[in-house]
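Here's the structure, in structure tokens; my notes come after.
Here is the naming used below: chain letters follow the sequence lines, and residue numbers restart at 1 for every chain.
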Number of protein chains: 6
Amino acid sequence: MNNFNFTDRIILNALHEDIGNGDVTTSALIPEKYISSAAIIAKSDLVLAGLPFAERTFQLIDKNIKFKPLKKDGSRVKTQTVIASISGSTRSLLIAERVALNLLQRMSGIATLTDKYVQQVKGLPVKIVDTRKTAPGLRIFDKYAVRMGGGQNHRFGLFDGVLIKDNHIAAAGGVWQAVKLARSKSHQLLKIEVEVKNIAEVHEALSVNADIIMLDNMNVSQMRDAVKIIRKKNPAVLIEASGNISLENIHGVAETGVDLISVGALTHSAPAADVSMKIVSGNLTRAK
Amino acid sequence: MNNFNFTDRIILNALHEDIGNGDVTTSALIPEKYISSAAIIAKSDLVLAGLPFAERTFQLIDKNIKFKPLKKDGSRVKTQTVIASISGSTRSLLIAERVALNLLQRMSGIATLTDKYVQQVKGLPVKIVDTRKTAPGLRIFDKYAVRMGGGQNHRFGLFDGVLIKDNHIAAAGGVWQAVKLARSKSHQLLKIEVEVKNIAEVHEALSVNADIIMLDNMNVSQMRDAVKIIRKKNPAVLIEASGNISLENIHGVAETGVDLISVGALTHSAPAADVSMKIVSGNLTRAK
Amino acid sequence: MNNFNFTDRIILNALHEDIGNGDVTTSALIPEKYISSAAIIAKSDLVLAGLPFAERTFQLIDKNIKFKPLKKDGSRVKTQTVIASISGSTRSLLIAERVALNLLQRMSGIATLTDKYVQQVKGLPVKIVDTRKTAPGLRIFDKYAVRMGGGQNHRFGLFDGVLIKDNHIAAAGGVWQAVKLARSKSHQLLKIEVEVKNIAEVHEALSVNADIIMLDNMNVSQMRDAVKIIRKKNPAVLIEASGNISLENIHGVAETGVDLISVGALTHSAPAADVSMKIVSGNLTRAK
Amino acid sequence: MNNFNFTDRIILNALHEDIGNGDVTTSALIPEKYISSAAIIAKSDLVLAGLPFAERTFQLIDKNIKFKPLKKDGSRVKTQTVIASISGSTRSLLIAERVALNLLQRMSGIATLTDKYVQQVKGLPVKIVDTRKTAPGLRIFDKYAVRMGGGQNHRFGLFDGVLIKDNHIAAAGGVWQAVKLARSKSHQLLKIEVEVKNIAEVHEALSVNADIIMLDNMNVSQMRDAVKIIRKKNPAVLIEASGNISLENIHGVAETGVDLISVGALTHSAPAADVSMKIVSGNLTRAK
Amino acid sequence: MNNFNFTDRIILNALHEDIGNGDVTTSALIPEKYISSAAIIAKSDLVLAGLPFAERTFQLIDKNIKFKPLKKDGSRVKTQTVIASISGSTRSLLIAERVALNLLQRMSGIATLTDKYVQQVKGLPVKIVDTRKTAPGLRIFDKYAVRMGGGQNHRFGLFDGVLIKDNHIAAAGGVWQAVKLARSKSHQLLKIEVEVKNIAEVHEALSVNADIIMLDNMNVSQMRDAVKIIRKKNPAVLIEASGNISLENIHGVAETGVDLISVGALTHSAPAADVSMKIVSGNLTRAK
Amino acid sequence: MNNFNFTDRIILNALHEDIGNGDVTTSALIPEKYISSAAIIAKSDLVLAGLPFAERTFQLIDKNIKFKPLKKDGSRVKTQTVIASISGSTRSLLIAERVALNLLQRMSGIATLTDKYVQQVKGLPVKIVDTRKTAPGLRIFDKYAVRMGGGQNHRFGLFDGVLIKDNHIAAAGGVWQAVKLARSKSHQLLKIEVEVKNIAEVHEALSVNADIIMLDNMNVSQMRDAVKIIRKKNPAVLIEASGNISLENIHGVAETGVDLISVGALTHSAPAADVSMKIVSGNLTRAK
């Protein structure tokens, strides 16, 4: 198991944010020596994501907390299912509770929504991918949750993938020039993806051997044409559909034959999954 | 204007997350000397929130960017409205764009949803308040957005308010003991709020002079009874309703006469507002 | 036991400050393998505060140090008493010594002075509270020490309590307006304390139902009058005395019947308690 | 003027500690556009220290604050003297006030006490020096204040000076061996100071050419003897007196002819100087 | 010009490392008000790299320093040439000098060595690229310097490029399986590069359509064969030579027809270029 | 063993730099449960330095990695020697590999070069010392490596030693004034070293009792004269030679009788030692 964990810093930040200089209620009311057992319970049907980070949250507060996962990230969980059981200092449990649940409810919410999109295109040779439209500072969690929901990740940020958009094209003087320039300036391990908005640009992108062509905000019929042209000219080119994808229209988009469909809503508009923590009755007893 | 800005650190974190060791596309394609004008545009009807933070995002990337807000946070904005105009280095505009929009779309989404809840109880003497169910690390933004949407903030974290919940009550041995203990242990500027789940506990909370009573997961009829009892016994006590509040049921809850209704969904399930940035045509010209 | 410890950062800062890139004397003179036992000893009568933080200081330098507390924070300790015994790497003991003692001497100094104030009002129904006049960056320690000395804490900072002072009153246009505004703008878990400097303002504060009234720099006779008026009008209001409190005059102030007396000197002018560390003879031997 | 300022981090830490997620009183009561003038005033006779850091505190909160120093650090200031005048946003003034004053009262307290020690030895060829017994994290300020009071600084920490104490001597097997070893192991720019507790050790330190000899906890008569022996044998050696120095006994110690007297109380037991900030009447007016 | 500068943190770290709690020599000897002009001078023939970072170093110490670059990064500079002239506070100049020069001498050393490699393959269609064998924490500078010397950058780190090495191949069960797996698991914007050590693996890499093939530690004759086979089978594949490249053998390697040659020595073994700073005579005068 | 380790921060920085948001190749190809054994092997003759930091690098990634050093820092190691054996998670080994080797190759390179200089002056009573010409941010490692190669360290930075250079002398108005001023302004534990460039300045330095005299850029004959004069006048003065020292000329410089020779090349121009990590065959097996 790796300890080198970028995610610890995010969790610690969230704990600082919530706890500040102390939980005034818990420190007043819960004796330091109390120990308890608790359960994390799904209160809605969900695809689970974030349990290892919930566990880590408790352990960053108190390394003696025992956390026993009962479900795995990526699995479908029915409402009322116990997801994990936890035991240890009652104070620690109560102090860490909210941050752990906030992580879990957000990530499971994203995984659950991603799963719904994935189900819509079941059987079709297409991948659902995320975007950079994530909660600021939480991208590593948001993208993890997409994978748990059966989606795939697009580039992580501006640094690990070349994606040429309309403004870049305008600055370079056209699709052809932009792809040419990008290839000569970026390192050899990066493919060149270019956004096109009409068939003329599709041809231009093909002529300069773009590695990936993104069909931006096209309607289904335009996409169908574009896919046909690209497949004929160069079957090695990947095709991505992007823009205003919804649960309603994604199946139609997938049927055009594109390889990838990117969906911003996965990470910017997923409603939280409902999860809660309960102190299990009978265990709110003094530690010996 | 204050410079001492906790929010800068959050924005810088988000910029690091997105940019890493550089925007490979923009640095390849946009000459360093290009300057542009751009517009931030609403693509859906929304209540605006986060514009000063979007502005700050651009300025943290490039202090020479000019950012002119055209709408104020808290105002209702129709789709297609230009919210702000920006000008400066094209590179800087493109590099900061995504983080600025991610902040704006999240905060405006929260404000817009809050506004919907507020409209549901219009005319009734009740306040809509948020919870600690916020995106980890973004609470300061989430709570700001709630205010922009016409809501009010509950305590910020565990440190600036005493809120006694079921587990605290169990540990203390009852509502009476819990309130008593909390009052003696916390500093004098903090009121004591206690969660109650039935009428017996309402009576207990009143007997020990709790400052605020939270009716947790009660149905509307129970709440009505509780409000009556509390108002009769001690009109100075504040009453908060909490648990499973939705746009559908909030009006009914408000009519029970409670003072405050807390809604977790404001910050954990608000869909993003749709905002985008466009480079204004004709301005993608070389700086002299 | 909780690990999530804001105080670690302060201690690490202090260690960095003292040690920089290394203890040039100890690394030159003490072989790496030497182990020793040492004692922390009171060199003056004191009320002990800070021992867990002294322990933490040693452990942040060297997790293998054994630290055995022999006295508890909050207890009165006679000069020459051994407070704790420590054993482990001689280098580690010597490198951590100064920071550990600096923490202990400051906190015990504050606890000892607080205890003196508390003794002066023994038997009277009044609490001694601290202020925000603490050493910059050390407030969490200073306020802890006050509690160990038998005092109570006022708000921690500007964020967890509303305290309306003269300038706020002037800006708002009077005591009545100020309290009104503060109540409407701050979250419901915060009480409203207002500073008054004469009987007219006392009446105004009562008329607007301030939760706490601070009598600022009044003489004993004015305070007596103010207490009488407040108790008659609203027995639920808390009364705080503030300004120029000394060991000499505090008993008289307490006799006026106020609930709280705040004393800046507790944290800004407490002389350090005298504590030292001795390597116990016979134990400066090579580890096997 | 140098910007590279280690002290900024300490001040920012202190501001975070005090302000947390916001000044709830000031943000509720002071309109954002109000501007004011204020005065920082001495409320006791003092030697001023820390004014540039008080200024920096205001500017870290709000770079538009105008701060006009009227006295210089190191000067003697009578009670009721205005030390500085400040103007700008009323909110900023009130938010920064406490941290600025906490710095000023601590540093001026140290400078004032140092000055008292210095006056006790006026005319004698001796320097008053500080120790490492400083408030954790504030050493750079504490030592600055000592200089402002007319004292001199000893080494800053464990890294910039070799000071061999009893435990080091015991580990090395004697004064002679310790000095020898320290000289061979530390870089050539560092002198070797060694602590001695009797005349035998004085001889040993002289025989191995220690650069500085610290007379530790000797009485005045022993010190006199030691000074005589050292001066005769090697006039180049510096002599430091240390241990239980007070305002009462320092003159006698100085008369023994030592070069340096180190006083822990300067930084661990100086009572705070009394300074306050007043909003100057008539200026609490709305900014246009 | 962008302000969002990852490199600032590295420079500030280096300044802290060198300056610690102050330059004891300069603060003792140079009056605060002195101003000077200085020149940065090449003391050996070099390819310049790092001047903007040297400039930034001075400005992080003192924003009022004027820094006038006289040469551009990437240009060849003869010994004794003045590279930049600087003016401002004498203290600031002397305090920043060493860190600025340390950056400049390292980066110009790397650029100068890179240029030598580039000259060896002049006229051949091959690129010299760097590796991850950089000074820990300085990769962004090291890779910048390679570009200034006419080289190109390989991937920045483990996160922005897939490079399958022998251990990965062994774990996956062969070249074919490794490339297959890498393609399915990494995002679509990353090409797949695979290291091969013999002709059999070349064939395997071609059969699975690896995007880039790295010939690892092959001799020139093997490389020639490999290039022939690859070009024939798939001209779109990029070929990289790697392992034990020196100034002596690089021309021969380039003649095999590979596209890229990676050279670890560029960043791990470049001797420093010789640069120094001189205070220009006549300018060490008091500021008025 | 001490845990308080400044070097951890540098190593963590380097790991972040290399790993960013993840090793895309290893996470795609190496199953999480694989374990392996590996060997760190010298690929050139070298003086070993940095092994404890290489060990720490692996443990910061994964605390369960077993790292067994087979050679000690400071020892001469022949090419092909196994320096350490490591075992644990295959992923962890591969992810940490490059940073560990980058540290080891740099430090061993410095130690190896230092050793060469030391061998050139073998038998002569002179010490080889380093300078502040180190890689920015890595000074603690660079200076450690010099010690491992048999050299000694000069001051660490500007804060722990007074070294008066030509510009300081000019500002002070001469060698005499400069030394005088430095002695009065710096704390008593610091010696005063002054740089001189001719015999006249040697006399001036002697007349003011400089503790150390640095002969800057003198030729061997001038140095011989200077040494004679200094030894005659004051045998306690240390003499340092500095400027353009090479492996070729150092023996001649040492024969002049100076005490110290400082060599910038040790840390700015040492070629990397060649070290690599190999997964030992047969151990790339699934963990049970």
* Using 4.0 Å as the upper bound for N to carboxylate O, is an ion pair formed by A:Asp18 and A:Arg98? -> no
* Quick one: what part of A:Ile140 sits under 4.5 Å from any heavy atom of chain B, side chain, backbone, both or neither? -> backbone
* Asked: Pick from A:Asp274, A:Leu163, A:Leu93, A:Asn13: which one has the most heavy-atom pairs with chain B under 4.5 Å?
  -> A:Leu163
* Do you know which of B:Ala265, B:Ser186, B:Ala182 has the most heavy-atom pairs under 4.5 Å to chain A? -> B:Ala182
* For each of A:Val99, A:Ile164, A:Leu103, A:Leu138, tally heavy-atom pairs with chain B at distances under 4.5 Å, and name the one with the top tally. => A:Leu138
* **Member of B:Val146, B:Asp142, B:Leu266, B:Ile110 meeting the side chain to side chain contact (heavy atoms under 4.5 Å, CB included) criterion with B:Thr134** => B:Asp142
* Determine the option with the most heavy-atom pairs under 4.5 angstrom with chain A, choosing from B:Arg155, B:Lys185, B:Glu17, B:His268. => B:Glu17
* Asked: Which bit of A:Thr26 comes within less than 4.5 Å of chain B, counting heavy atoms only: side chain, backbone, both or neither?
  -> both
* For the student: nearest non-hydrogen atoms of B:Ala171 and A:Tyr34, plus distance -> O-OH, 3.7 Å
* Counting distance only, does the side-chain N/O of B:Asp166 pair as donor-acceptor with the main-chain N or O of A:Ile279 below 3.5 Å? -> no
* Structure fact -> With chain B, the option among A:Lys133, A:Lys165, A:Gln177, A:His187 that has the most non-hydrogen atom pairs under 4.5 Å is A:Lys133
* Testing B:Ile11, B:Thr7, B:Asn102 for side chain to side chain contact (heavy atoms under 4.5 Å, CB included) with B:Thr57, which one passes? -> B:Ile11
* Please lay out, stage by stage, how A:Thr90 and A:Ser36 fare under the test side-chain hydrogen bond (donor to acceptor under 3.5 Å, both in side chains). => CA-CA 5 Å; A:Thr90 312; A:Ser36 297; 2.7 Å; yes
* Asked: What part of A:Arg106 gets closer than 4.5 Å to chain B, counting heavy atoms only: side chain, backbone, both or neither?
  -> side chain
* Asked: For B:Lys278, is it the side chain, the backbone, both or neither that has a heavy atom under 4.5 Å from a heavy atom of chain A?
  -> side chain
* Identify which of B:Gly157, B:Gly137, B:Ser27, B:Ala135 forms the greatest number of heavy-atom pairs closer than 4.5 Å to chain A. => B:Gly137
* To do: Tell me, for A:Arg183 versus chain B, whether the close heavy atoms (under 4.5 Å) come from the side chain, the backbone, both or neither.
  => neither
* Asked: At a heavy-atom separation under 4.5 Å, does A:Thr131 approach chain B through its side chain, its backbone, both, or neither?
  -> neither
* Asked: Contact part of A:Ala270 toward chain B, heavy-atom cut-off under 4.5 Å: side chain, backbone, both or neither?
  -> backbone
* **Residue part contacting chain B, namely of A:Asn21, when any heavy atom lies under 4.5 Å** => both
* chain A interface, residue from B:Pro271, B:Ala272, B:Ala14, B:Gly109 that has the most non-hydrogen pairs under 4.5 Å -> B:Ala272
* Asked: Is a side-chain N or O of B:Glu201 found less than 3.5 angstrom from the main chain of B:Lys197, in a donor-acceptor match?
  -> yes
* Are side-chain N/O atoms of A:Ser92 and A:Asp62 paired as donor and acceptor at under 3.5 Å? -> yes
* Find out whether B:Asp211 and B:Val162 are in side-chain contact, i.e. whether some heavy atom of one side chain is under 4.5 Å from a heavy atom of the other. => no
* Asked: Which pair of heavy atoms, one from B:Ile245 and one from B:Ser262, lies closest together, and at what distance?
  -> CG1-O, 3.6 Å
* Considering only NZ, NE, NH1 and NH2 on the basic side and carboxylate oxygens on the acidic side, decide whether A:Asp130 and A:Lys143 come within less than 4.0 Å. => yes
* Largest heavy-atom contact set with chain B, pairs under 4.5 Å, which of A:Ile10, A:Val24, A:Leu101 -> A:Val24
* Structure fact -> Applying a strict 4.5 Å limit to non-hydrogen atoms, the region of A:Gln105 in contact with chain B is side chain
